[in-house]
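What you see below is based on every heavy atom in this structure, not just the backbone, and it leaves out hydrogens, waters and symmetry mates.
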Amino acid sequence: MKTAIVIRHVLFEDLGILAPLLQEQDFAVRYLEAGLDDLSPAEQADLLIVLGGPIGAFDEDKYPFILDELAVIRDRLSLQQATLGICLGAQLMARALGAAVAPMQQQEIGFGPLTLTAAGEKSPLLALQNQPVLHWHGDQFAIPQAATLLAGSAQCPHQAFSLGDYALALQFHAEADCQRIEQWLIGHAAELAMAGKEPSLLRKQAAENGSALSSACRSLFTQWLSQLPN
């Protein structure tokens with residue numbers, strides 16, 4: 001059985017819809033809790049997934065464990081080992097590759113569509129064409145020199161990049177299960193209040209987009225997982 005190590009920063013930002021897909025593709029999944037667990041098991045895993053969280057990719061002065069995550073990610077990418085980063089995870093991938101990560105002028109929180117690049121239209125992200133996805137971030141990564149830009153949005157031109165077939169970085173939350181949006185609204189209540197975002201609107205958007213988004217993201221991840229190098 002293949003192994004998937006998942007670095008998690010907050011409990012409710014977990015694998016979401018990815019969990020059953022990994023099971024279907026014969027991955028044994030193990031979570032490592034950022035800041036608590038030894039990350040060395042990620043070094044030899046068949047797949048590493050680094051999830052999101054409410055801290056910055058450049059906040060190692062406040063959260064020193066970020067340096068440990070960067071080291072693991074940097075080593076895996078240098079060896080072309082399968083790696084998926086989502087939101088904070090994608091920003092850490094960019095930083096590990098020498099690209100900048102910096103605050104945006106305004107947070108992007110809510111559901112909105114992506115604009116795919118020509119490369120994105122030839123990638124698994126084609127499944128998300130014209131499909132609003134969940135955005136929840138205040139920082140943006142630059143595109144690493146060796147990477148391929150796959151998608152952007154009106155507010156954030158860098159939403160996804162890839163390295164060959166082995167690494168994918170997503171700024172948006174393709175993994176999120178919209179049926180569990182209430183956990184996000186509770187867990188990020190302070191952030192929503194500071195950003196002036198109404199939970200009722202996000203709840204409504206999740207209900208309107210949940211079914212189609214889940215199907216599209218399932219297609220995205222199924223295709224990406226199936227093309228990983230053996």
Side-chain angles (χ1 to χ4, degrees), residues 13-22 24-25 47 49-52 82-91 93-94 97 99 101 104-144 146-181 184 197 201-229:
E13 291 196 36
D14 56 20
L15 284 173
I17 67 165
L18 252 173
L21 287 179
L22 291 171
E24 290 169 13
Q25 299 213 14
L47 171 64
I49 301 173
V50 187
L51 296 172
T83 305
L84 171 64
I86 296 173
C87 199
L88 172 60
Q91 295 165 9
M93 286 175 64
L97 292 165
V101 179
M104 300 168 60
Q105 289 186 344
Q106 184 178 357
Q107 288 176 294
E108 185 177 30
I109 300 177
F111 289 79
L114 300 170
T115 299
L116 302 184
T117 65
E121 291 178 348
K122 297 177 183 177
S123 79
L125 267 70
L126 182 60
L128 300 180
Q129 186 81 278
N130 301 318
Q131 172 62 58
V133 298
L134 177 60
H135 303 281
W136 205 306
H137 64 110
D139 299 330
Q140 177 183 209
F141 51 71
I143 303 301
T148 300
L149 174 64
L150 301 177
S153 67
Q155 192 171 334
C156 177
H158 298 159
Q159 285 281 355
F161 68 81
S162 64
L163 292 168
D165 292 333
Y166 64 92
L168 179 65
L170 305 176
Q171 181 60 74
F172 56 94
H173 286 278
E175 88 294 356
D177 182 351
C178 288
Q179 294 185 350
R180 293 168 49 204
I181 193 65
W184 290 65
K197 300 291 183 179
L201 176 59
L202 288 166
R203 192 178 292 119
K204 179 175 181 289
Q205 291 176 331
E208 292 172 346
N209 293 286
S211 179
L213 179 57
S214 178
S215 178
C217 290
R218 181 182 174 87
S219 177
L220 157 65
F221 287 128
T222 298
Q223 184 178 344
W224 186 73
L225 290 169
S226 68
Q227 72 181 25
L228 288 178

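Looking at C87 and W136, their side chains never come closer than 4.5 Å, going by heavy atoms from C-beta outward. Under the 4.5 Å side-chain criterion, counting only non-hydrogen atoms from C-beta, L150 is not in contact with L116. You'll find the side chain of V133 stays beyond 4.5 Å of the side chain of L170, heavy atoms only. At least one side-chain heavy atom of E13 sits less than 4.5 Å from a side-chain heavy atom of W184. When side chains are defined from C-beta on, F172 counts as touching L128, because their heavy atoms get closer than 4.5 Å.
Note on residues 147-164: pairs passing side-chain hydrogen bond (donor to acceptor under 3.5 Å, both in side chains), not counting sequence neighbours, are E108-S153, E108-Q159, H135-Q159, S153-Q159. Residues in residues 211-226 take part in these side-chain hydrogen bond (donor to acceptor under 3.5 Å, both in side chains) pairs, two or more places apart or across chains: E24-R218.
Of all the heavy atoms in G210 and C178, the pair that sits closest is CA-CB, 3.7 Å. The two residues P157 and Q140 come nearest to each other via the heavy atoms CD-OE1, 3.1 Å. Annotation for L125 and A160: closest pair CD2-CB, 3.7 Å, computed over non-hydrogen atoms. Residue M93 comes nearest to G85 through the heavy atom pair SD-N, 3.3 Å, listed as atom of the first residue, atom of the second, then distance. When all heavy atoms are compared, the tightest approach of I86 to H173 is CG2-ND1, 3.8 Å. Taking every heavy atom of both residues into account, F141 and A94 meet most closely at CB-CB, 3.5 Å.
Note that CG of L168 and CD1 of I49 are 10.5 Å apart. Values are rounded to the nearest 0.5 Å. Taken to the nearest 0.5 Å, the CG atom of L213 stands 11.5 Å off from the CD atom of Q205. For the atom pair E175 CD and L21 CG, the distance stands at 12.0 Å (nearest 0.5 Å). Once rounded to the nearest 0.5 Å, the distance linking CG of L51 with CG of L88 reads 9.5 Å. Going from atom CG of D177 over to atom CG of D14 covers 8.5 Å, rounded to the nearest 0.5 Å. Atom CG of L18 sits about 8.5 Å away from atom CG of L47, to the nearest 0.5 Å.
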May I have the step-by-step check of side-chain contact (heavy atoms from CB on, under 4.5 Å) for L97 and L163, ending in yes or no?
CA-CA 11 Å; L97 292 165; L163 292 168; 3.5 Å; yes

Intermediate values then yes/no, side-chain contact (heavy atoms from CB on, under 4.5 Å), L202 and I109:
CA-CA 9 Å; L202 288 166; I109 300 177; 4.1 Å; yes

Show the numbers, then the answer: is there a side-chain contact (heavy atoms from CB on, under 4.5 Å) between N209 and Q131?
CA-CA 8 Å; N209 293 286; Q131 172 62 58; 3.9 Å; yes

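Residue-environment remark: CD (Q179) stays at or below the threshold of 12 foreign heavy atoms within 6.0 Å.
With Q91 contributing its side chain and V101 its backbone, the two residues share no donor-acceptor pair below 3.5 Å.
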